[in-house]
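First up is the structure itself, then whatever we jot down about it.
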Number of protein chains: 2
Amino acid sequence: MSATTNHQFKLAARPEGNVKASDWNRTEEPVRAPADGEVVIQVLYLSLDPAMRGWMNDKPSYIPPVGIGEVMRALAVGKVTASKNPKFAVGDHVTGLLGVQEYAYSNGQGLTKVDPKLAPLPVYLGTLGMPGMTGYFGLLEVGQPKAGDTVVVSGAAGAVGSVVGQIAKIKGARVVGIAGGADKCRYLVEELGFDAAIDYKTENVAEALKTHCPNGVNVYFDNVGGDILDAVLTRLARGARVVICGAISQYNTTTPVKGPANYLALLVQRATMTGIVVSDYYDRAGEAAMVMAGWIQSGKLKTREDVVEGLDAFPKAFDMLFSGANNGKLVLKVA
Amino acid sequence: MSATTNHQFKLAARPEGNVKASDWNRTEEPVRAPADGEVVIQVLYLSLDPAMRGWMNDKPSYIPPVGIGEVMRALAVGKVTASKNPKFAVGDHVTGLLGVQEYAYSNGQGLTKVDPKLAPLPVYLGTLGMPGMTGYFGLLEVGQPKAGDTVVVSGAAGAVGSVVGQIAKIKGARVVGIAGGADKCRYLVEELGFDAAIDYKTENVAEALKTHCPNGVNVYFDNVGGDILDAVLTRLARGARVVICGAISQYNTTTPVKGPANYLALLVQRATMTGIVVSDYYDRAGEAAMVMAGWIQSGKLKTREDVVEGLDAFPKAFDMLFSGANNGKLVLKVA
């Protein structure tokens, strides 16, 4: 073990706007043996999520920021390579906040065993991981779609959005996805069974919503914020529920965040806008995983992962999240 | 009757920004006899409300806009002077959308009898009228304050805000009002029993909120929008409820509405922002009036009306709503 090297990406500087290569510091150190109660985990797959951008800012949020000089925080799936913790054995597969590195140490807290025979490991970072849980609880607990409702989701081809749209279909809603590019839109309609898709890069979103949501929008699940949020607000139906899950269009701006100028639609339509943070539902993650695993097996819920190879590809792969270059849940294969 | 003249203010043009004198057309016509089923009502007191500004815009809202050439819509209290409707007798006092004029005709729909012995007539336009109902249902149904919660209300010295703050106190909350000017702030604390007041004209609202809401804001009742809404969003407590009742700071802008740039606080704090329109609760108005009349009689709920004299003062009095010149519920005494 002492001969093994752990390569890591640490946060070198707080980014302003887009993350630059110089905001990362690639370091290496020897892998040490576990202390009492600890396990050593070889990271196999890293999850790349838009929320990570927020964790890099030094301002109050639902989770403390990553410190300068600390290994960048990231969810991952790995395999236990050494254990002094009776709950975990060498060879166990686990998921948790292992960080952007090849080896991680853990006292077992926040570590969950996963079964690679039930689903491919990257799925535990997507549909059966944080993004899937976010979509499941955000849609069902906050959005509360009813059969016949019109549900609109932005970032629809992403890890969260694709789960939201498919679950809304399972619940009997009419589903319209907003995504960037013809390929993603085709994927939504032809492979995931969405009723319609709007390509925000080439279409006028407000006009397209008029066409595809003639009775208004009952549930809007927002991953992007900005102009798209504003466009959907103009189409809300009476009593609509707007789920605020993220605002990927605003994460890299150096100008102030663009607030939704059409928020008074909430008044006109007696609508509600509510934020969701997935960690509030972690105690029910098992329930959601069981339900979604069933849907995956019966073919009702499709998953797609975009796997990029190698830890050193991390900075470039991370950028893909914000340019919309990824197709499906973005995962970095580390080992 | 035929000798009596009805003076009226009609909408002459759709205002851009602040309402100008030329947006009104003062007209007169003889008062006619009631048709079958109709009553003729002499308008005694007119209610001036910020919502009226929204009714002048030709865009979709919760109520159709006032048409050009139509008598300006307004709530009022009046006295029946002639009746061919068996439900109303000459001498009855009634409230309803009688319009900015001296005499109104009605088939009885939307007309409610009021008892001038139970409360002075202007109170039926304030605490026992639309503003009071808005505050009562907006706070209790949407804001849902619990004892010990911190409740913040903007436009706090206004007709809605003063009711919201006092009911929140009755429910055991800590109450902080935001208003413009030392007189209004003194009124809130010394006469209405608010725990604190913030003068947005001279204080930094965000800093003052830190001082007065050390545990954050559990309920925010927003009448003003704009920078004050943004400031309060930065101080939300976990699970906060933001009630969107109006946005008086934005009603006269000719630039686009300023959306709340800090809306992602909803996500960080798992908070909810919900619009309220009082007409959704009209079927429960009797319940609210009974409860609030009880509070008024027991001295727990104080009312204040700012009565301006004469129909011809209407354009100038209407402007007072937006300059914040009125103290308490603004009412025009017509007869």
Side-chain angles (χ1 to χ4, degrees), chain A residues 50-51 54 57 59-64 134 137-138 141-142 216 222-227 229-230 233-236 238-251 253 255-281, chain B residues 50-51 54 57 59-64 134 137-138 141-142 216 222-227 229-230 233-236 238-251 253 255-281:
Chain A
N57 295 333
K59 60 176 194 178
S61 186
Y62 57 92
I63 192 171
T134 304
F137 290 108
E141 297 292 320
V142 183
D222 187 37
N223 291 304
V224 303
D227 292 335
L229 170 56
D230 254 337
L233 285 173
T234 66
R235 299 299 301 161
L236 294 186
R238 183 70 65 96
R241 285 81 67 198
V242 177
V243 185
I244 300 293
C245 176
I248 198 166
S249 74
Q250 304 296 308
Y251 289 170
T253 57
T255 52
V257 166
K258 185 192 176 315
N262 296 327
Y263 82 105
L264 288 174
L266 298 177
L267 192 160
V268 174
Q269 300 300 351
R270 294 79 155 165
T272 283
M273 187 184 274
T274 307
I276 151 122
V277 174
V278 65
S279 53
D280 294 349
Y281 299 95
Chain B
N57 295 331
K59 60 177 195 180
S61 188
Y62 56 93
I63 192 170
T134 304
F137 290 109
E141 296 292 319
V142 183
D222 187 36
N223 291 304
V224 302
D227 292 335
L229 171 56
D230 254 338
L233 286 173
T234 67
R235 300 299 304 163
L236 294 186
R238 182 71 65 92
R241 287 83 68 200
V242 177
V243 185
I244 300 293
C245 176
I248 199 168
S249 74
Q250 304 296 306
Y251 289 169
T253 57
T255 51
V257 166
K258 184 191 177 313
N262 296 327
Y263 82 104
L264 288 173
L266 298 177
L267 192 160
V268 174
Q269 300 301 353
R270 295 79 156 163
T272 284
M273 187 184 273
T274 306
I276 151 118
V277 175
V278 66
S279 53
D280 295 351
Y281 300 94

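Lettering follows sequence order; numbering is per chain, from 1.
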*Determine the option with the most heavy-atom pairs under 4.5 angstrom with chain A, choosing from B/I276, B/T234, B/D230, B/I244.*
B/I244

*Start with the C-alpha distance between A/R238 and B/D280, add both sets of side-chain angles, then the distance that settles side-chain contact (heavy atoms from CB on, under 4.5 Å), and finish with yes or no.*
CA-CA 11 Å; A/R238 183 70 65 96; B/D280 295 351; 4.2 Å; yes

*In Å and rounded to the nearest 0.5 Å, what is the CE to OG1 distance from A/M273 to B/T274?*
10.0 Å

*Among B/A261, B/P260, B/A265, who wins on heavy-atom pairs under 4.5 Å with chain A?*
B/P260

*Please examine the side chains of B/L267 and A/V277, heavy atoms only from C-beta on, and report whether any two atoms are closer than 4.5 Å.*
yes

_B/L229, part contacting chain A, at a heavy-atom distance under 4.5 Å_ = side chain

_Top contributor to chain B interface from A/L266, A/N262, A/I63 [non-hydrogen pairs under 4.5 Å]_ = A/L266

_Closest heavy-atom pair and its distance - A/G225, B/Y263_ = CA-OH, 3.4 Å

